[in-house]
Amino acid sequence: MKQAKKPKMTEMKNSKGFKGFIIFLIVVVVGVIAAFKFFERIDNGYVGVRYSMNGGIKDQALTQGVKFVGIDKVIQYPIRLQTIQAENVSVSTSDGKKTSINIKYDYKVDSTKAAKMYKEFGNITSTDIENGWLKSKLQKVSREVYAKYSLLDILSGESSKVEAEVLTNFAKSVEGKGFEVEDVTLGVPDVDPETQKSIDAIIRAGQENEKAKLDAETAKTQADSEAYKITKAAEAEAAANQKIAESVTDELIRYEEAQARKKHGWVTVNGTDTVVTQQGE
């Protein structure tokens with residue numbers, strides 16, 4: 001009788017072990033799910049805004065790393081520079097030319113205004129804001145700035161001025177919401193054939209003008225060089241004559257006279273007649 005009970009004890013032990021394994025497995029699964037559910041990983045270069053399902057927002061932004069948030073939700077905003085490309089932005093110039101441009105800009109979010117930003121825009125991502133509100137502001141500013149200039153002016157020398165004005169106005173228009181724009185790059189506007197001809201003519205005229213200036217400067221340089229050489233030669237000759245004049249003294253003159261008389265003799269001049277009164281040695 002005792003021997004018959006041994007298999008039942010073994011089965012009970014195996015059953016308890018299996019149940020224990022199942023419980024352990026359930027705990028592990030629940031723990032993994034809880035880790036994904038109750039923790040949030042804030043990416044490098046971003047801050048997180050934590051908000052509860054009933055609409056409560058935590059004013060303290062979450063920095064990068066894994067954070068416990070419980071059942072709250074988190075929206076992340078970039079605090080390092082993001083480069084955004086806005087393509088085919090339609091604008092009109094002061095001369096009535098309609099064109100489109102590509103605009104690239106760099107921006108980031110002021111981390112101290114992240115919570116305020118969530119209150120303004122709600123539960124939408126930074127990408128949604130870039131494609132919506134930020135793009136709308138950029139288009140508005142670009143149209144206002146381009147309307148001040150003719151297309152010909154923009155393409156023939158005013159582009160840097162237009163770019164600086166777009167940057168300044170765009171940055172001011174979005175800074176109140178917590179966005180910091182640091183750079184704007186404007187693409188070349190599309191032009192019609194007639195405008196392109198005018199631009200080409202201006203470029204040719206500018207090149208010819210630069211060539212004429214260069215030729216004039218070259219000629220002036222050559223003339224100055226020749227004048228310099230002549231002046232230096234004259235100065236050298238004058239200096240030599242000055243040295244000669246300074247070297248002619250009374251003693252030298254008397255010495256030269258004595259040498260001449262010694263060689264040629266004394267000469268007496270009487271009217272038109274020349275009489276040699278004494279011959280030299």
Side-chain angles (χ1 to χ4, degrees), residues 33-92 100-149 159-187 189:
I33 294 174
F36 283 99
K37 184 69 176 177
F38 302 137
F39 290 86
E40 180 77 16
R41 181 179 181 274
I42 308 301
D43 296 330
N44 183 29
Y46 284 76
V47 292
V49 176
R50 180 180 173 184
Y51 61 96
S52 63
M53 298 303 291
N54 61 8
I57 300 173
K58 308 295 184 181
D59 291 333
Q60 185 65 39
L62 301 175
T63 57
Q64 71 176 71
V66 178
K67 308 294 181 180
F68 176 79
V69 296
I71 60 173
D72 292 349
K73 301 295 183 182
V74 175
I75 285 288
Q76 297 191 38
Y77 297 115
I79 58 172
R80 66 180 177 186
L81 282 180
Q82 306 291 307
T83 299
I84 309 301
Q85 181 76 35
E87 298 184 351
N88 300 320
V89 177
S90 298
V91 295
S92 295
S100 62
I101 52 174
N102 295 332
I103 305 177
K104 182 174 68 174
Y105 68 92
D106 297 332
Y107 90 97
K108 63 181 178 180
V109 170
D110 182 349
S111 61
T112 63
K113 297 180 180 179
K116 178 183 176 182
M117 186 177 298
Y118 177 81
K119 294 176 183 178
E120 292 279 351
F121 295 99
N123 186 22
I124 62 174
T125 65
S126 59
T127 302
D128 294 330
I129 298 173
E130 293 163 5
N131 294 331
W133 189 80
L134 281 175
K135 185 175 182 180
S136 176
K137 284 292 185 181
L138 180 62
Q139 288 177 330
K140 182 177 183 297
V141 167
S142 300
R143 288 167 181 167
E144 291 172 349
V145 173
Y146 272 82
K148 301 177 184 178
Y149 301 88
S159 59
S160 59
K161 186 176 180 180
V162 173
E163 194 169 77
E165 193 168 343
V166 170
L167 170 60
T168 300
N169 294 358
F170 182 41
K172 287 182 178 179
S173 70
V174 301
E175 66 182 354
K177 302 296 185 183
F179 298 97
E180 299 177 351
V181 178
E182 296 194 4
D183 188 38
V184 168
T185 303
L186 302 178

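A quick note: this is a predicted structure, and the numbers were derived from the prediction, not measured.
The shortest heavy-atom contact between E180 and D110 is OE2-CB, 3.6 Å. W133 and S173 make their closest contact through CH2-O, 4.1 Å (heavy atoms, listed as atom of the first residue, atom of the second, distance).
The closest side-chain heavy-atom distance from N102 to N88 is below 4.5 Å. In this structure, the side chains of I79 and Y46 stay at 4.5 Å or more apart for every pair of heavy atoms. Residues L134 and Y105 have side chains in contact (heavy-atom distance under 4.5 Å, counting atoms from C-beta outward). In this structure the side chain of F179 reaches within 4.5 angstrom of the side chain of M117, judged on heavy atoms. For the pair I129/Y77, a side-chain contact is recorded, criterion being any heavy-atom separation below 4.5 Å from C-beta on.
Rounded to the nearest 0.5 angstrom, T185 OG1 and L167 CG are separated by 9.0 Å. The NZ atom of K119 sits 13.0 Å away from the NZ atom of K177 when rounded to the nearest 0.5 Å. Summarising the geometry, atom CD belonging to E130 is positioned 3.5 Å from atom OH belonging to Y107; distances are rounded to the nearest 0.5 Å. Rounding to the nearest 0.5 angstrom, the gap separating the CD atom in Q85 from the CD1 atom in I103 is 9.0 Å. How far OG of S159 is from NZ of K161: 12.0 Å, rounded to the nearest 0.5 Å.
Side-chain atoms of S136 never come within 3.5 Å of backbone atoms of G132 as a donor-acceptor pair (strictly under, hydrogens ignored). Side-chain atoms of Q82 come within 3.5 Å of backbone N or O of R80 as a donor-acceptor pair.
The side-chain hydrogen bond (donor to acceptor under 3.5 Å, both in side chains) test applied to D106 returns T83, not counting sequence neighbours.
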Distance-only donor-acceptor pairs under 3.5 Å for side chains of residues 141-148, two or more places apart:
unit_1 : atom_1 : unit_2 : atom_2 : d
S142   : OG     : L138   : O      : 2.8
R143   : NE     : S90    : O      : 2.9
E144   : OE2    : K140   : NZ     : 2.7
K148   : NZ     : E165   : OE2    : 2.6

